[in-house]
Amino acid sequence: MMGILDLERLTYSYPDAARPALEDVTVRFGEGELALVTGPSGSGKTTLARAAARLVPDFFGGRFGGDVRYRGRPLRELDAGALHAEIGFVFQEPERQLLMATAEREIAFGPENLGLPPAAVARRVVEAAESLGVTGLLGARTDELSGGMQQRIVLAAAVAMQPAVLILDEPTSRLDPVAARDLLGLLARLRDDLGCTIVLVEERLADCLRVADRVLHLDGGAIAFDGAPAAFSRWAAEAAPLFLPPVARLFPPGLEGPPLTVREARARLAPLLPLGPPPAPPPRPSGGPLVVIEGARFAYPGGAVALRGIGLVAAAGEVVALIGPNGAGKTTLLKAAAGLIPLPAGSVAVAGGAPSPHACGFLPQNADTLLLHDTVLEEVAFTLRASGLGREGAEEVMRRWGVAHLAGRNPRELGAGERQCVSLAAAAAAAPPVLLLDEPVRGLDPLLRERAGGAIAAHAAAGGCVVLATQDIEFAAERADRVVLLAGGEVVEEGRPRDLFHGEPFYSPQVSRLFRGAAAGVVTVGDARRLLAGRGGAG
Amino acid sequence: MHHRASGRPRRAAPLHPAAALAHAGAVLILGMLWSNPAWLAALLALTAAQIISAEGWRAWRRSIAPAAALALSFAVFNVIFSHAGTTLLWRGPSLPLVGEPSVSLEALLFGASAGLRVLVVVSACRLLASLSTLQDALDLLGRAAPKSSFTAALAALLIPRMRRDLAGIREALRARGVRLAGPLPGRILASRHLFRALLVSSLEGSWDIAIALSCRAFGSARRRRPRRRRPGTRDSVIAGCAVAALALALAGAWRGMGSAVFYPVAGPFIRSGGLPLLAAVAVLLSAGFIPARDGA
């Protein structure tokens with residue numbers, strides 16, 4: 001049977017690559033389905049998405065074998081206009097694919113290129129904007145919108161071309177949890193209302209599985225699993241447990257498989273109620289303060305006020321997570337702590353003095369800006385040299401951050417997840433007492449995320465202090481000793497994860513939502529397992 | 001987080017690009033035509049008010065700050081080095097090489113005129129950006145040269161992106177202990193890293209742009225020009241008044257109005273009929289910008 005998009009025995013190698021990125025992959029995407037593509041970093045997810053839109057080999061060269069067919073016709077036989085009218089592609093960074101000065105022109109650009117008459121273009125702009133909820137932004141300048149809004153505009157621009165297939169490469173990686181869930185809801189609507197086939201490449205699966213019809217798990221350039229979400233949960237429970245959402249890791253697979261959503265998990269939890277007393281909280285780190293920020297105020301030259309008198313203290317041995325919506329002031333606060341922006345009011349002290357590269361390592365949000373050299377080893381050694389240390393420690397640093405096997409590779413040629421790990425290693429190489437990390441686990445698959453989390457915890461355990469900004473609420477719940485919720489440049493609330501996330505419906509991890517009203521202080525899989533131990537529930 | 005405002009995007013271009021071009025062009029030509037410092041000051045005040053009403057005080061201050069330094073340096077250099085004036089305000093002691101420095105009223109007024117002219121020219125460019133988008137202006141020119149105007153629009157979009165990339169790379173280097181200030185050899189070494197990173201990130205950025213263009217089917221069919229908004233009444237009033245103001249000012253300039261004699265004796269700065277002409281030009285350049293009262 002023919003699908004709308006068929007990949008047949010597809011094998012592809014990037015130029016000069018030692019091994020193929022995709023090897024003998026056969027996939028058939030059906031009409032109107034939402035297929036979730038997941039797998040470890042470097043498993044070939046992005047390459048598969050690119051191949052499905054003919055971006056490989058057209059833009060990347062390399063060796064290409066097999067075939068990709070759209071409604072039975074080989075993609076290579078379609079002219080560019082016909083191809084992109086039918087297959088839309090949205091890649092990770094919205095800012096890098098914006099082509100026009102205003103949102104309206106951005107959305108209109110694709111239909112104009114299809115040669116549609118102005119009236120039809122105008123209609124498509126209105127409809128796409130309405131369906132993505134951006135009608136109010138049509139007159140706005142694209143470079144002045146937040147990342148979340150830019151993501152919506154880019155998606156609206158793709159939708160305006162009315163493609164039959166829409167391919168998205170990690171569209172939620174830069175969004176806060178609420179915006180990410182909104183976006184997934186929008187994708188489900190596009191599938192349901194327009195019958196659009198959606199191929200969604202994602203690392204954060206907790207909310208994606210809820211809307212997916214099918215899951216493809218890639219490993220080493222081949223398809224390791226292809227089936228319905230429920231079947232995926234049974235398969236992953238054995239083969240790739242870290243890829244399961246937190247609630248699925250709590251219950252034994254059983255006949256019906258692990259639950260994939262909070263709702264399903266709640267049904268499994270009901271027979272176990274009432275629960276006993278919550279587990280005792282872990283002891284709080286009790287070191288002296290390493291980061292002290294008082295009354296920090298800052299406004300960018302454009303006039304946007306980013307910090308409104310914020311104070312923050314982080315102690316030795318502590319991991320502090322800054323969370324909050326896009327534009328809350330997290331990045332600015334980290335930059336202020338690193339001494340990278342001058343504060344017109346307030347003060348910052350790091351390790352008892354003014355912020356300096358010796359006192360703190362800084363990972364910028366765009367971690368690629370750290371990458372200057374031709375090999376991973378040189379990259380790490382550069383930080384060591386700049387800090388007056390010898391390059392001898394570079395191997396140890398690379399081992400600690402899990403990038404030793406990449407030592408001779410060019411960082412710019414690595415996949416997004418591995419690149420992020422290299423940037424982390426480069427930022428932390430000089431082992432300063434304080435690490436200031438902006439979105440340290442963005443783009444990391446669950447395995448790399450676990451490893452990075454371990455290295456961050458080890459830094460704190462060794463008497464250092466880590467302040468990180470993250471949109472990954474699950475990561476904050478698992479790894480932070482304290483969470484600070486920011487909004488509008490102010491601290492809204494702060495506390496231990498078990499206190500701050502308890503009972504909250506939106507800015508909270510899945511486990512916390514599951515135990516909402518049933519038990520207090522349960523926010524991680526570990527907490528829940530301890531609570532359910534002996535009650536026949538925990539897997 | 002990026003420093004972009006998330007919730008309050010700047011007000012979009014309210015004017016038709018032709019009207020914006022006509023209005024800002026008239027201000028620019030008047031700035032070049034007039035030399036009377038009082039007239040230039042009045043023109044600058046009017047332009048500032050229009051920018052502030054469109055984009056706020058901060059935008060005006062940000063755009064004028066670099067030009068103000070240039071304007072001030074023009075004025076100061078003229079005062080110091082020009083000795084053509086006859087109305088001496090101050091004479092200093094005799095110094096080796098420079099002789100007796102002096103400050104004359106004529107040099108002061110000529111310097112003020114040159115500085116004000118710089119500010120008016122810069123303000124006219126900012127005014128165009130406030131009243132219309134560069135993209136709209138390029139679209140207007142795109143009828144004659146569609147490919148060139150599209151390339152220019154893309155380049156205009158990439159410049160602020162490169163500026164942000166450069167700022168990010170500088171921050172990353174500083175955070176790793178690279179000193180971007182200090183002795184020259186160190187700065188040169190640091191700049192090497194900076195520009196290499198910028199080059200790589202720009203190449204990656206242009207690669208992404210090429211992919212995005214392809215994904216939007218650019219070049220696949222004859223692109224239809226976007227449906228252009230028709231000029232509204234306000235657009236027509238503003239464009240018409242700008243042309244009228246320019247015609248009036250040119251007629252006045254024919255009779256020496258708006259110009260000034262500075263050397264050897266400054267003045268006269270007020271001529272018969274000059275003030276009514278200036279007022280008429282100001283009224284014409286304000287037409288369409290003063291909001292009508294509700295119900296009026």
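Residue numbers begin at 1 in each chain, while the letters A, B, ... track the order of the sequences. Here the structure is a predicted model, which means the values were calculated and not measured.
No other option in A:Glu439, A:Arg54, A:Glu106, A:His358 has as many heavy-atom pairs under 4.5 Å with chain B as A:Glu106. Here A:Phe382 is the residue among A:Phe89, A:Phe382, A:Phe362 with the most heavy-atom pairs under 4.5 Å with chain B. In terms of non-hydrogen atom pairs under 4.5 Å with chain B, the most contact-rich of A:Leu363, A:Leu99, A:Asn366 is A:Leu99.
When heavy atoms are compared at a cutoff of 4.5 Å, B:Arg176 approaches chain A by way of both its backbone and its side chain. At a 4.5 Å heavy-atom cutoff, the contact between B:Leu154 and chain A is made by side-chain atoms alone. For A:His373, the parts lying near chain B are the backbone and the side chain together; criterion is any non-hydrogen pair under 4.5 Å. Residue B:Leu198: no heavy atom, backbone or side chain, is found under 4.5 Å from chain A. With a 4.5 Å cut-off on non-hydrogen atoms, A:Leu55 touches chain B through its side chain but not through its backbone.
Listed by chain and residue number, A:Asp374 satisfy the side-chain hydrogen bond (donor to acceptor under 3.5 Å, both in side chains) test with B:Arg196 (two or more places apart in sequence, or in another chain). Among residues two or more places apart in sequence or in another chain, the side-chain hydrogen bond (donor to acceptor under 3.5 Å, both in side chains) test is passed with B:Arg174 by none. Residues satisfying the side-chain hydrogen bond (donor to acceptor under 3.5 Å, both in side chains) criterion with B:Ser63, sequence neighbours excluded, are absent altogether.
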Note to self: Let's go through B:Arg161 and A:Asp143 carefully: what are the C-alpha distance in whole Å and the side-chain angles of both, what is the deciding distance for side chain to side chain contact (heavy atoms under 4.5 Å, CB included) to 0.1 Å, and is it a yes or a no?
What the structure shows: CA-CA 9 Å; B:Arg161 213 171 282 179; A:Asp143 62 348; over 6 Å; no
Check: Please walk me through it: do A:Val90 and B:Cys215 pass side chain to side chain contact (heavy atoms under 4.5 Å, CB included)?
Finding: CA-CA 8 Å; A:Val90 175; B:Cys215 289; over 6 Å; no
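For the residue pair B:Ala217 and A:Leu114, the shortest heavy atom distance occurs at CB-CD2, 3.8 Å. Taking all atoms of both residues into account, the shortest heavy-atom contact from B:Ala197 to A:Leu372 is CB-CD2, 3.4 Å. Closest non-hydrogen pair, A:Pro357 versus B:Ala175, comes out as CB-O, 3.5 Å.
Between B:Arg164 and A:Glu95 there is a salt bridge, with a side-chain nitrogen of the basic residue lying less than 4.0 Å from a carboxylate oxygen of the acidic one.
Taking the six-membered ring where the residue is Trp, B:Phe150 and A:Phe109 present parallel rings, their angle staying beneath 30° rather than reaching 60°.
Atom-to-atom distance recorded for B:Ser201:OG and A:Asp368:CG is 9.0 Å, nearest 0.5 angstrom. Distance check, rounded to the nearest 0.5 Å: OG1 of A:Thr369 to CZ of B:Arg170 gives 13.0 Å.
When atom types are taken as modelled, the side chain of B:Asp208 and the backbone of A:Arg96 share no donor-acceptor pair closer than 3.5 angstrom.
Contacts between residues 80-88 of chain A and chain B, counted as heavy-atom pairs separated by less than 4.5 Å, involve A:Ala80, A:Gly81, A:His84.
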